[in-house]
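Everything below concerns the one structure shown next.
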Amino acid sequence: MPSWSAVSFGALDLRGTELGEQGFDLVVVPARPAVPVFLMGRGAEVWLMIAQGRGGELETDEEALEVLSSLEEMGIASREPGHSAQLQGVTQPWLVSPIHELVYALLAHVAAAHDIEILFIKGPALHAQGLRSRQHSGDVDCWVQPGDDLRLAEAMRSWGWKPLYSPFTGTGVTHSLTLDAGDWGCAIDVHTRFPGIDSPPHASFDIVRAESEPRVFASTSCLTPRVALHGIVAALHAVRPFVGSPAGAAELEEASAVLRAAGVETIELAERVNAVYALEEPLRRAFPAEARSYESARPPADWGWRLTASAPRRHLRALRTVPLRKKPAVILRLLWPTVAMMEAAGEAPGTSWRRKAATRVQRVAAAVRRLLAMR
């Protein structure tokens, strides 16, 4: 009998959980694009046995062999020696949402299959590290090198996610690319940098990767930032300007509280990633005896347009930061976006060519009116 192995892009043992009480023993993500498979009864028993390396006990069990063939068709069992998605053991869920936990594991596997280094930020890991009280997040945030966001986004299409591209995608202006949730019900934000960190994206990624540690999601080892670095990420998230509004008293207090919880090591790390302009006040509040003055620190490149309330002005200020060779394409897409970009912006361009063209013309006319009003 060939040696069977359990293969998966993420798996959870549901026994003893609410889903387990409903009769589900396991949930397994196949090692090829498909939705998660819920197993119970004999199917779960056989799959667990091969996951534990006990397939030899099934050699003379004809019923088990039939079950194994069905599991192979589902993409969760294999007779291929040394399969890249072979699983050794299954963990129980620790996230509030098991499906969200499976998404972490799936992203890690897909990224590895495409030679993409990936880190996971924010979300339930912050709660586990004592940096926030809220347990659940509605989406999954990951961080990759610039350029790998586009590759990962396209790789996730076959799994049901749709990239929400903007005119500034791939220019360095946007800090993340959102992948629409689809049937999984869990959106993904693929970061290539983090607002408030003013060191080059590749350099900051290297620092974050070096300051990360393994954490298991759905039987899969993933990387999340250590407490001190993660505290900086959470604090920056609190203080970043939003649609023209700077951080207020509540946001500054939230940032200082999370830095205090993360420890005094955050001062040195904030200097290393060049986040001191955004975090100077929260650091001073968190560590009054150790905090330093950063009078020469310059605002991050995106702080100017983030502090601009008017959308046309914000686009113009953001456009100034785009490399010259990329400016024509951005201007074209701002005035004449793709249908996908219009849908991502919440517009309904219609289905006919005539209706799509009319919608784009209306956008151009509205942009011209707004620009003239700014004069």
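Residue numbers start at 1 and run along the sequence shown.
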I need the [X] [atom1] to [Y] [atom2] distance, nearest 0.5 Å.
X: L334; Y: K327; atom1: CG; atom2: NZ; value: 12.0 Å
X: L164; Y: L179; atom1: CG; atom2: CG; value: 7.5 Å
X: F205; Y: Q145; atom1: CZ; atom2: CD; value: 5.0 Å
X: E251; Y: S245; atom1: CD; atom2: OG; value: 9.0 Å
X: R209; Y: E117; atom1: CZ; atom2: CD; value: 4.0 Å
X: Q52; Y: L87; atom1: CD; atom2: CG; value: 10.5 Å

Would you call [X] and [Y] a salt bridge, taking side-chain N to carboxylate O under 4.0 Å as the test?
X: R226; Y: E211; result: yes
X: R292; Y: E271; result: yes
X: D61; Y: R42; result: yes
X: K122; Y: D189; result: no
X: R15; Y: D25; result: no

Do any N or O atoms from the side chain of [X] and from the backbone of [Y] form a donor-acceptor pair under 3.5 angstrom?
X: T266; Y: A262; result: no
X: R193; Y: G172; result: yes
X: R314; Y: A309; result: yes
X: E72; Y: S78; result: no
X: Q86; Y: A6; result: no
X: T308; Y: G304; result: yes
X: H83; Y: A85; result: yes
X: S8; Y: V29; result: yes
X: H100; Y: V96; result: no
X: E253; Y: A250; result: no

For the rings on [X] and [Y], is their centre-to-centre separation under 6.0 Å?
X: W159; Y: F9; answer: yes
X: Y294; Y: Y277; answer: no
X: H136; Y: H127; answer: no

Do [X] and [Y] sit in one hydrophobic cluster, given that two such residues count as connected whenever their side-chain heavy atoms are within less than 4.5 Å of each other, even indirectly?
X: L65; Y: V67; result: yes
X: V46; Y: V90; result: yes
X: M40; Y: L14; result: yes
X: L279; Y: V276; result: yes
X: L39; Y: V7; result: no

Checklist entry - Going through the distances and angles, do R132 and S137 end up as a side chain to side chain donor-acceptor pair (under 3.5 Å)? => result CA-CA 11 Å; R132 80 174 191 190; S137 288; 2.7 Å; yes
Could you tell me whether the side chain of [Y] reaches within less than 4.5 Å of the side chain of [X], counting heavy atoms only?
X: E254; Y: L259; answer: no
X: R260; Y: S256; answer: yes
X: P300; Y: I197; answer: no
X: V322; Y: V173; answer: yes
X: P225; Y: I121; answer: yes
X: L223; Y: E213; answer: no
X: S204; Y: W143; answer: yes
X: W4; Y: L58; answer: no

Next on the checklist: Is there a side chain to side chain donor-acceptor pair (under 3.5 Å) between T224 and H230? Walk through the geometry before answering.
Outcome noted: CA-CA 8 Å; T224 60; H230 222 175; 5.5 Å; no
Next on the checklist: Using the rule given for side-chain contact (heavy atoms from CB on, under 4.5 Å), can you reason through D141 versus F120, listing the C-alpha separation, both sets of side-chain angles and the distance that settles it, and then say yes or no?
Outcome noted: CA-CA 6 Å; D141 290 270; F120 294 93; over 6 Å; no
Can you name the closest pair of heavy atoms from [X] and [Y] and give their distance?
X: W161; Y: C186; result: NE1-O, 2.8 Å
X: D198; Y: A301; result: OD1-N, 3.4 Å
X: Y104; Y: L95; result: CE1-CD2, 3.8 Å
X: P282; Y: A278; result: CD-O, 4.0 Å
X: L19; Y: P98; result: CD1-CG, 4.1 Å
X: A11; Y: L102; result: N-CD2, 3.9 Å

Next on the checklist: As a quick check of understanding, evaluate side-chain contact (heavy atoms from CB on, under 4.5 Å) for M156 and V110, giving each step before the final call.
Outcome noted: CA-CA 8 Å; M156 292 300 292; V110 172; 3.9 Å; yes
Next on the checklist: Evaluate F287 against R284 for side-chain contact (heavy atoms from CB on, under 4.5 Å), listing each step before the verdict.
Outcome noted: CA-CA 5 Å; F287 311 106; R284 183 178 294 111; over 6 Å; no
Item to check | S219 and T91 side chains, donor-acceptor separation under 3.5 Å | outcome: yes
Next on the checklist: Checking D302 against H175 for the side chain to side chain donor-acceptor pair (under 3.5 Å) test, could you report, in this order, the C-alpha distance in whole Å, the side-chain angles of both residues, the deciding distance, and whether it holds?
Outcome noted: CA-CA 9 Å; D302 61 352; H175 70 279; 5.8 Å; no
Item to check | Flag if over 12 foreign heavy atoms under 6.0 Å of CD, E18 | outcome: no
Checklist entry - Do other residues, nucleotides or ligands put more than 12 heavy atoms under 6.0 Å from K326 NZ? => result yes
Checklist outcome for this item: The single option from V144, L152, L150 that satisfies side-chain contact (heavy atoms from CB on, under 4.5 Å) with D148 is V144
Item to check | Test side-chain contact (heavy atoms from CB on, under 4.5 Å) applied to V330 and L332, step by step | outcome: CA-CA 5 Å; V330 174; L332 173 63; over 6 Å; no
